Amino acid sequence: MKWRWLALAPVLAVLAGVPWLGDAVLIQFGINALLIATLAQSWNILGGFTGYVSFGNSAFYGLGAYGTAIAMAQWHQPFWLGLALGAVLAVVVAAVLGGPILRLRGPYFAIVTLGISAALSALFANLDIAGKNIGLILPLTRDDAMFYELSLGLLAAATVAVAWIARSRFGIALIAIRENEDAAAAVGVDATRYKLAALILAAVFTALAGGIHAYWITFIDPAGSFDTTLDVRMVIMTMFGGPGTVFGPVIGAFVLSAIYEVLANGISTAAALFFGLVILLAVIFLPKGLIDLGGGFRALGWRYFLANIERHRL
Amino acid sequence: MTKTMVLAGMMVVLAGASAFGADPPRSISLGASLQLTGQDANTGRYYRDAYNIAIDQINQAGGVKIAGKSIPIALKLLDNQSDTNLSVRQYVQLVTDDKVDFLLGPYASGATLPTSSIAEKYEIPMVEGGGASPQIFSRGYKFIFGTLPPADDYFASIIAMLGQLQPKAKTAALVAADDAFDVSVAKGTRKLLAEAGIEIVVDQTYAAKTTDFSSIMAQIKAKAPDIVLWGGLEPEVLNAIRQAKGLDTGAKLMMSFTVGVPTADFRQALGKDAEDAFGMTAWLPSPTLKDDWFGDAAQFAAAWKAKFGYDPDYHAAAGVAAVEALVKGIESADTLDRAKVRDAIAKSDFASLYARVRFNEGGQIVVPQIVIQIQNGEVTPIYTDHFITKPIFPVPPWGQRG
């Protein structure tokens with residue numbers, strides 16, 4: 001295990017060097033890819049480890065964006081204070097809503113989370129301090145390298161958190177909940193408390209990503225902040241990479257972002273179609289995500305893909 | 001695992017590096033990222049066609065004249081798939097990889113707000129015809145110019161016209177949807193009404209996409225205002241008029257709407273009830289609007305219809321005006337130096353097929369809306385800063401119109 005962590009150091013160094021090595025477009029792409037990877041990684045904490053599929057994490061993203069925008073645009077506070085405000089807002093909402101909604105299971109949980117983001121969007125569209133429907137304008141900063149390094153740092157922090165979860169007692173409890181919640185409760189796992197902790201942790205990272213994005217893009221409104229397409233992307237990217245793993249969501253987010261970028265710029269009209277096709281093929285041939293490919297391919301070669309189809313009776 | 005990580009890293013690098021390294025041609029290059037696919041593609045096409053027809057026409061006339069030489073314009077269009085984040089990246093790409101000389105805007109305020117930040121970051125003039133939100137121009141940016149008139153002033157021409165008509169309007173009902181655009185309209189209109197000495201007796205905001213306006217109509221009936229000013233989307237406006245007639249209410253003198261009145265759908269859907277409704281448009285294809293490249297607006301509209309098979313609207317004209325403002329700016333600066341061109345655009349003052357193009361401090365066009373009224377089933381221009389046609393005023397009661 002140790003050598004794997006060491007092997008990550010040069011990768012991280014290369015990623016950190018992008019603002020000095022790459023061109024401006026790559027930095028732009030990098031900021032977006034790192035932020036969406038952070039969202040996928042945060043989603044993974046609850047969705048990947050406990051199996052609770054949330055379609056409402058964009059609520060925390062929006063809260064982070066609005067926390068930052070309100071602090072900066074309305075109260076003229078520094079950026080870091082805005083980030084903190086957004087994170088606090090997200091924690092409060094996660095703590096208050098988490099209690100009741102985490103008692104629901106399966107599709108019921110998913111449906112409830114769908115509503116949260118929409119409800120918050122409607123709420124912020126009517127708040128004077130949030131600029132109502134018109135949105136808020138943040139000051140312009142030319143320092144894209146800062147946004148890039150911040151996003152990279154946030155993703156690294158989220159990944160370290162997930163790595164810790166994966167080997168801790170906390171993580172084992174979450175996995176126990178995923179495998180059989182009643183059995184977990186029977187052996188003394190306080191399921192609701194563990195799930196709530198996972199949700200709050202996810203909310204913090206998601207809100208910080210929202211805050212960074214808000215300052216970087218310089219303008220936010222309810223539709224763009226509480227964006228339900230983000231929810232779908234978090235889920236798809238995590239599933240594509242490998243849910244419940246440490247690096248799966250990050251790899252999934254990077255690879256899918258890159259594919260989307262190439263398709264959007266290469267064959268603009270049919271890009272969405274091909275993007276859908278990529279996801280469809282991934283679900284059929286790689287149901288456990290890209291991360292499973294490494295070991296599986298070494299063991300079985302090309303038969304790995306067929307084995308997947310057989311195993312899942314497609 | 002490490003291998004996959006490296007692979008992912010390579011993909012990231014590839015995504016940035018592949019695609020976009022075309023050599024800059026020996027011409028002036030303009031770049032834009034437009035909604036050519038996705039949810040906003042229907043209006044995005046106006047800008048694609050407007051930029052293309054304007055640049056073709058200018059190139060046919062010899063191109064842009066700098067230091068005695070005529071240089072053709074090249075256009076680099078990217079499709080942002082109605083994705084604002086992608087649009088921001090594409091503008092960075094246009095600036096840094098494609099090294100375009102100047103920028104044209106995307107469609108709609110939502111995409112223009114963040115992408116104009118890119119223009120400002122790189123200090124490259126961007127002229128846009130797709131975003132009307134006053135927020136775009138309130139940030140103290142130097143490099144963004146817009147050819148759509150501000151939402152705040154939509155009712156300015158109507159209120160100015162009322163000041164010159166007898167009987168004088170004294171009370172108003174102001175009704176607006178709660179979408180970003182109409183909230184801005186209502187905000188500006190409150191100020192304009194106060195300045196004109198017209199008292200607002202009903203001031204209502206409703207949720208966008210509302211279909212039942214009976215409570216608002218009841219208030220209007222109770223207060224019996226002289227005028228009703230309504231900001232909303234076309235389906236809402238249609239419902240409002242039907243319900244006003246059903247409850248036999250409305251204004252004593254006139255009703256005016258931000259949208260709907262100029263469209264053929266409006267007249268077809270309402271029939272006789274559309275008669276005498278007031279509205280506004282930023283542009284009508286009138287032969288009195290002279291243009292250096294297209295002759296006049298009527299000839300432009302004919303050329304557009306022949307080329308693309310559909311009628312141009314104000315989006316189209318505003319898009320062409322954006323290109324013309326850039327070209328005029330380059331010609332009067334007589335250089336491609338971006339700061340000098342920026343200053344020249346800020347001083348723009350020329351006649352175009354769209355309107356006389358002049359920009360205010362913030363960079364937004366100064367152009368009065370044209371007041372229109374449905375008279376005998378026809379959209380009739382009434383007033384801009386002077387009367388064009390005599391209005392039917394006060395408007396007769398329901399049932400006696402047309």
Side-chain angles (χ1 to χ4, degrees), chain A residues 3-4 7-8 11 14-15 18 22-30 32-33 122 125-126 131-135 137 139-142 144 213 216-219 221 223-224 229 241 246-247 250-255 257-262 264-266 268-272 290-291 293-295, chain B residues 1-20 36-38 78-81 83-86 88-97 109-110 113-114 116-118 120-122 133-136 138-141 177-184 187 207-208:
Chain A
W3 65 270
R4 284 188 174 175
L8 272 177
V11 176
V14 169
L15 282 177
V18 162
D23 70 348
V25 181
L26 184 61
I27 298 170
Q28 301 289 319
F29 170 78
N32 266 308
N126 286 293
K132 294 198 164 178
N133 262 313
I134 302 176
I137 286 170
L140 177 66
T141 310
R142 288 187 165 78
D144 277 350
H213 186 264
W216 175 59
I217 200 109
T218 70
F219 168 73
D221 63 357
T229 64
V246 178
F247 293 105
V250 180
I251 293 168
F254 281 3
V255 172
S257 294
I259 292 175
Y260 176 75
E261 193 79 5
V262 170
N265 285 305
S268 71
T269 332
L290 273 181
I291 203 90
L293 185 61
Chain B
M1 190 189 296
T2 330
K3 269 186 199 160
T4 11
M5 205 56 197
V6 173
L7 189 73
M10 279 166 59
M11 292 293 287
V12 174
V13 176
L14 269 177
S18 73
F20 337 111
L36 301 181
T37 53
L78 297 173
D79 173 16
N80 63 34
Q81 321 223 321
D83 175 344
T84 303
N85 277 317
L86 181 59
V88 169
R89 281 209 292 290
Q90 290 184 331
Y91 273 102
V92 173
Q93 177 195 323
L94 288 166
V95 171
T96 59
D97 287 359
S109 298
L113 275 158
S116 54
S117 290
I118 301 303
E120 189 71 14
K121 260 184 201 176
Y122 289 93
S133 164
Q135 281 189 298
I136 299 168
S138 66
R139 296 173 291 180
Y141 284 12
D178 70 353
D179 60 85
F181 176 78
D182 289 300
V183 169
S184 299
K187 205 169 137 203

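In what follows, every chain begins at residue 1, and chains take the letters A, B, ... in the order their sequences are listed. As the structure is a computational prediction, the values presented were derived from the model and not from experiment.
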- Examine whether an atom of B/Thr96 lies under 4.5 Å from a heavy atom of chain A, and if so say whether it belongs to the side chain, the backbone or both; otherwise answer neither.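 The side chain, not the backbone.
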Got a second to check how far [X]'s [atom1] is from [Y]'s [atom2], nearest 0.5 Å?
{"X": "B/Ser184", "Y": "A/Ile134", "atom1": "OG", "atom2": "CD1", "answer": "3.5 Å"}
{"X": "B/Asp182", "Y": "A/Asn133", "atom1": "CG", "atom2": "CG", "answer": "10.0 Å"}
{"X": "B/Asn85", "Y": "A/Trp216", "atom1": "CG", "atom2": "CH2", "answer": "6.0 Å"}
{"X": "A/Ile137", "Y": "B/Tyr141", "atom1": "CD1", "atom2": "OH", "answer": "7.5 Å"}
{"X": "A/Ile217", "Y": "B/Ile118", "atom1": "CD1", "atom2": "CD1", "answer": "7.5 Å"}

- Note on the structure: Note: B/Leu113 and A/Thr218 closest approach over all heavy atoms is O-OG1, 4.4 Å
- A/Val25 and B/Asp97 have their tightest heavy-atom pair at CG2-OD2, 3.5 Å
- Message: Do A/Glu261 and B/Leu86 make a side-chain contact, defined as non-hydrogen atoms from C-beta onward lying under 4.5 Å apart?
- Response: yes
- Query: Would a 4.5 Å heavy-atom cut-off, applied to side chains only, mark B/Asp83 and A/Tyr260 as touching?
  - Reply: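 Yes; the side chains approach each other to less than 4.5 Å.
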- Message: For chain A, which candidate among B/Pro114, B/Ser109, B/Ala208 shows the most heavy-atom pairs at distances under 4.5 Å?
- Response: B/Pro114
- Query: Among B/Gln135, B/Arg139, B/Glu120, who wins on heavy-atom pairs under 4.5 Å with chain A?
  - Reply: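 Of the candidates given, the most pairs with chain A belong to B/Gln135.
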- Item | Check: A/Phe29 main-chain N/O paired with B/Arg89 side-chain donor or acceptor under 3.5 Å |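 A pair under 3.5 Å: no.
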- Check whether A/Thr229 gets within reach of chain B through its side chain, its backbone, both or neither, counting any heavy atom under 4.5 Å. neither
- Return the option, out of A/Leu140, A/Val18, A/Asp144, with the maximum number of heavy-atom pairs under 4.5 Å with chain B.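 The residue among A/Leu140, A/Val18, A/Asp144 with the greatest pair count is A/Leu140.
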